[in-house]
Amino acid sequence: MNEAATATHCPYCALQCGMGLRRTDGPVPVAVEERPDFPVNRGALCGKGASAAAVLAPGARLTTPLVRVDGELRPAGWPQALDLVADALARTAAAHGRDAVGVFGGGGLTNEKAYQLGKFARVALGTSAIDYNGRFCMSSAAAAGIRAFGLDRGLPFPVEDIPRAGCVILVGANPAETMPPFVRYLRELQENGGRLIVVDPRRTRTADLADLHLAPRPGTDLALALGMLHLVVADGRTDEEFIAGRTTGWSGTRAAAMAHWPELVESVTGVPLPQLRTAVTMFCDAPTGMVLTARGPEQQAKGTDTVSAWINLCLATGNAGRPHAGYGCLTGQGNGQGGREHGQKADQLPGYRKLDDPAARAHVAAVWGVDPDTLPGPGRSAYELLDSLGTDVRALLVMGSNPVVSAPNSAHVTGRLRALDFLAVSDVVLSETAALADVVLPATQWAEETGTMTNLEGRVVLRRKAVEPPAGVRSDLDVMHHLAARLGHGEGFPTDPEKVFDELRRASAGGVADYAGISYERIAAEDGVFWPCPSAGHPGTPRLFLDRFATPDGRARFTPVQHRPAAEEPDDAFPVRLTTGRVLAQYQSGAQTRRVAELNAAAPGAFVELHPRLAERLGVADGEPVAVVSRRGRTVTPARLTTAIRADTVFMPFHWPGEANANLHTNPELDPTSRMPEFKACAVRLERAPEAG
Ligand SMILES: Nc1nc2c(c(=O)[nH]1)N[C@H]1C(S)=C(S)[C@@H](COP(=O)(O)OP(=O)(O)OC[C@H]3O[C@@H](n4cnc5c(=O)[nH]c(N)nc54)[C@H](O)[C@@H]3O)O[C@H]1N2
Ligand SMILES: Nc1nc2c(c(=O)[nH]1)N[C@H]1C(S)=C(S)[C@@H](COP(=O)(O)OP(=O)(O)OC[C@H]3O[C@@H](n4cnc5c(=O)[nH]c(N)nc54)[C@H](O)[C@@H]3O)O[C@H]1N2
Ligand code: SF4
Ligand SMILES: [Mo]
């Protein structure tokens, strides 16, 4: 008899594609199947999702705790590993204070884990020193969204609305490689007569689909958006009724845009003025418009202002708070959305509450059964936390991130990790960060445990357990339960995900991200539930802002912004702009996908993408090693020549560790509001590598 496949979701990105898992007898214990009933991907999967089960095999993953003895990681039992971690955390707090113990989480963790990790830090450890890798992801869009709309949810509408817009501007997003099943919605948009504009310094696979491709210099999107708004005003294409009825702050924003002359914008961005005009006409002629940003404009030291500039363009043209129109951010990690709502962020409590808000503290403390005064205050942002390792923060627990590869200025960060008195890492594989740890805790994976994720639409979905984990592996909830017990908190850290979720619902009740009415049962019955969903009888909220924005007066807020240069502009010593990003077959730091043979065959190693004109000046041929040198490091990787990139810009994917790691170069300069580092723009020099012979 054929056993039914378990309906669940992909372990990787924020699309959270539905998939089925069928058990097998082989070393890879499940086989991935299509699940055509799930609306977001309708059965389609990219190569990463289709091959995800490979990481469940014993050869690819951790199967026992590891403890460092005489400098080497050796297999150990769970009681010993947990004792070592709890002792080290307690000893550090006793010697240096509670804030000397740090926690670094991840946007790939389920809602239950992210929630429990924030509680673990604030209650069991009593530390303010917690943040997570989502700070490196969409934090600038989140900050700008809150500033304009009073609320941050990646997309304020389901993806199915995208094909019904008249014109979509995709800014610094390459979903053809980063979310392939999403591309269907862009094709449907065009089939319906809608237009697609892509803004990217590279003519990516996504840009190839576009009706218009604008290729600005990295780090100049703010000027580009201001230039478009200038032309909108100059051409009289603003929506005065919408501005008067549903917004505040227009006059200052209008004045700021008028100061950004199109000719100036052309020289700053490198986008020819006629193209800028065509973009404005296309956007304004369409019945409705959307602007969707991803990491291109967001991962800048002015990312928040840059996203504000794009939101201003939407508001000025009446493209917000009505059907088939609006601004949205394509979140990235599997739980990039939920991961930022439940309290692993340095300044937040569950339900998207603020840690410095007395009412929020009182509400959450009551759910947790603690005195609000015992809750620590806000901590520092991800890079600032990593930068403080070995000095202020002396012991660290990492759960769900691989900063040795993915943090900016990675050589410095690796040095800080090495300077710790104690490092514990919970991971499913021996990542480059885990390899530095004193204790490594092997975690169960997506197919081996149940939990909820919130996708890029704000849809809460349920991942279901399909198979038993190997005997030596435990869930992160189990780890937190046992560590908390050793730290004197025998209660309050259950291991059953549904119990944790029910507590999360209460903690989020009345907050911005209200999950109170969402249950595992409802998610299963309804293809996911969109937050806010304040009660069991509430239908959930697929579309936000249709009646009012989430600000106190219900109006969206314009924010006047000014263009400014990248923190590190090219100069004589470092004349080329470096930007970084992703390729189709690898995921993030590559910790998981570099362990999958077919993905490695498709994307075996690092490279630097450059224009043939630049290559010719250097005397470098396609495939030859080239040295990239910045103020922070030197890498040697094969040159990949393509006319699809600006000649003043080079691109490196960041999926590989070691000598070719793109983050050896990236600039840790932070956005003043979101504390996002400038992954997308720094200055480098290229040299023909001596290795080229
Ligand atoms: N295959 C794959 N898919 C993934 C991931 C992965 O690692 N691999 N990661 C997931 C995660 S966590 C995320 S956050 C998303 C990211 O998804 P995306 O944001 O789509 O990915 P990136 O490649 O980082 O950046 C997108 C584009 O920004 C362009 N860009 C660079 N600098 C600039 C700039 O200054 N301005 C503009 N306008 N564009 C610029 C790059 O050329 C690139 O094509 O992908 C998710 N999906
Ligand atoms: N140069 C450059 N750098 C970047 C970016 C860029 O565009 N350019 N993008 C940034 C962005 S957007 C992001 S999101 C970050 C991501 O960077 P990372 O935080 O390094 O992301 P991952 O490689 O996904 O790391 C997740 C780790 O957690 C493990 N893991 C997965 N699931 C679980 C679980 O349930 N429990 C536990 N304990 N572990 C688990 C995985 O095996 C992996 O080792 O990188 C950032 N770095
Ligand atoms: S697009 Fe994202 S969620 Fe879908 S299969 Fe690929 S990695 Fe998984
Ligand atoms: Mo991300």
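Whatever order the structure lists them in is the order used to number ligands and atoms, beginning at 1.
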Any idea which atoms of ligand 2 are less than 4.0 Å away from a heavy-atom of Cys137?
-> 12 (S), 14 (S)

Using a 4.0 Å heavy-atom cut-off, say whether Leu109 meets ligand 2 through its side chain, its backbone, both or neither.
-> side chain

Scan side-chain atoms only and decide if Asn111 and Asn335 contain a donor-acceptor pair under the 3.5 Å cut-off.
-> yes

At a non-hydrogen distance cut-off of under 4.0 Å, which region of Gln16 contacts ligand 3 (side chain, backbone, both, or neither)?
-> backbone

Measure from atom 8 (Fe) of ligand 3 to each N, O or S atom of Cys17 and report whether any distance is below 2.8 Å.
-> no

Ring centers of Phe679, Phe136 separated by less than 6.0 Å = yes

Any luck finding a side-chain donor-acceptor pair between Arg459 and Gln16 under 3.5 Å?
-> no

Please say whether Asp427 places an N or O atom under 3.5 Å from an N or O atom belonging to ligand 2.
-> yes

Test of proximity, Glu449 against ligand 2: N or O pairs below 3.5 Å = no

Ligand 2 N/O within reach of Lys680 N/O, cut-off under 3.5 Å | yes

Side chains of Thr452 and Glu112: donor-acceptor distance under 3.5 Å anywhere?
-> yes

Return yes or no for this condition: an N or O of Ser426 is under 3.5 Å from an N or O of ligand 2.
-> yes

Using heavy atoms and a threshold below 4.0 Å, how should the contact between Lys113 and ligand 2 be classified: side chain, backbone, both, or neither?
-> side chain

By number and element, which atoms of ligand 2 are closer than 4.0 Å to a non-hydrogen atom of Val429?
-> 42 (O)

Identify the protein heavy atom lying closest to atom 8 (Fe) of ligand 3, giving its residue, its atom name and the separation to 0.1 Å.
-> Cys10 SG, 2.3 Å

Mind checking whether Pro181 contacts ligand 3 via backbone (N, CA, C, O), side chain (CB onward), both or neither, at a 4.0 Å heavy-atom cut-off?
-> side chain

Proximity to ligand 2 by part of Arg582, non-hydrogen separation under 4.0 Å = side chain

Candidate pair Val103 and Met399, rule side-chain contact (heavy atoms from CB on, under 4.5 Å), full reasoning | CA-CA 8 Å; Val103 176; Met399 193 173 275; 5.9 Å; no

Scan side-chain atoms only and decide if Asn455 and Glu457 contain a donor-acceptor pair under the 3.5 Å cut-off.
-> yes

Which residue and non-hydrogen atom of the protein lie closest to atom 39 (N) of ligand 2, and at what distance in Å?
-> Gly400 CA, 3.5 Å

Which bit of Thr666 gets closer than 4.0 Å to ligand 2, counting heavy atoms only: side chain, backbone, both or neither?
-> side chain

Which protein non-hydrogen atom lies closest to atom 6 (Fe) of ligand 3, naming both residue and atom, and how far is it?
-> Cys46 SG, 2.3 Å

Polar proximity ligand 2 side, Thr580 side, N/O cut 3.5 Å exclusive = yes

Decide if the gap between the ring center of His9 and the ring center of Phe38 is smaller than 6.0 angstrom.
-> yes

Measure Asp476 to ligand 2 on non-hydrogen atoms and call it side chain, backbone, both or neither using the 4.0 Å cut-off.
-> side chain

Nearest heavy atom to atom 27 (C) of ligand 2 wins, so pick from Ala662, Ser401, Pro442.
-> Ser401

For ligand 2, which part of Gln299 has a heavy atom less than 4.0 Å away: the side chain, the backbone, both, or neither?
-> side chain

CZ (Arg42) with more than 12 external heavy atoms under 6.0 Å | yes

Cys13 near atom 2 (Fe) of ligand 3 via N/O/S, less than 2.8 Å | yes

Minimum-distance pair of heavy atoms, taken over all atoms of Gln337 and Thr454 = CB-O, 3.4 Å

Before giving the answer on salt bridge (charged side-chain N to carboxylate O under 4.0 Å, His left out), spell out for Arg594 and Glu432 the whole-Å C-alpha distance, their side-chain angles and the decisive distance to 0.1 Å.
-> CA-CA 12 Å; Arg594 281 185 278 112; Glu432 287 69 22; 3.1 Å; yes

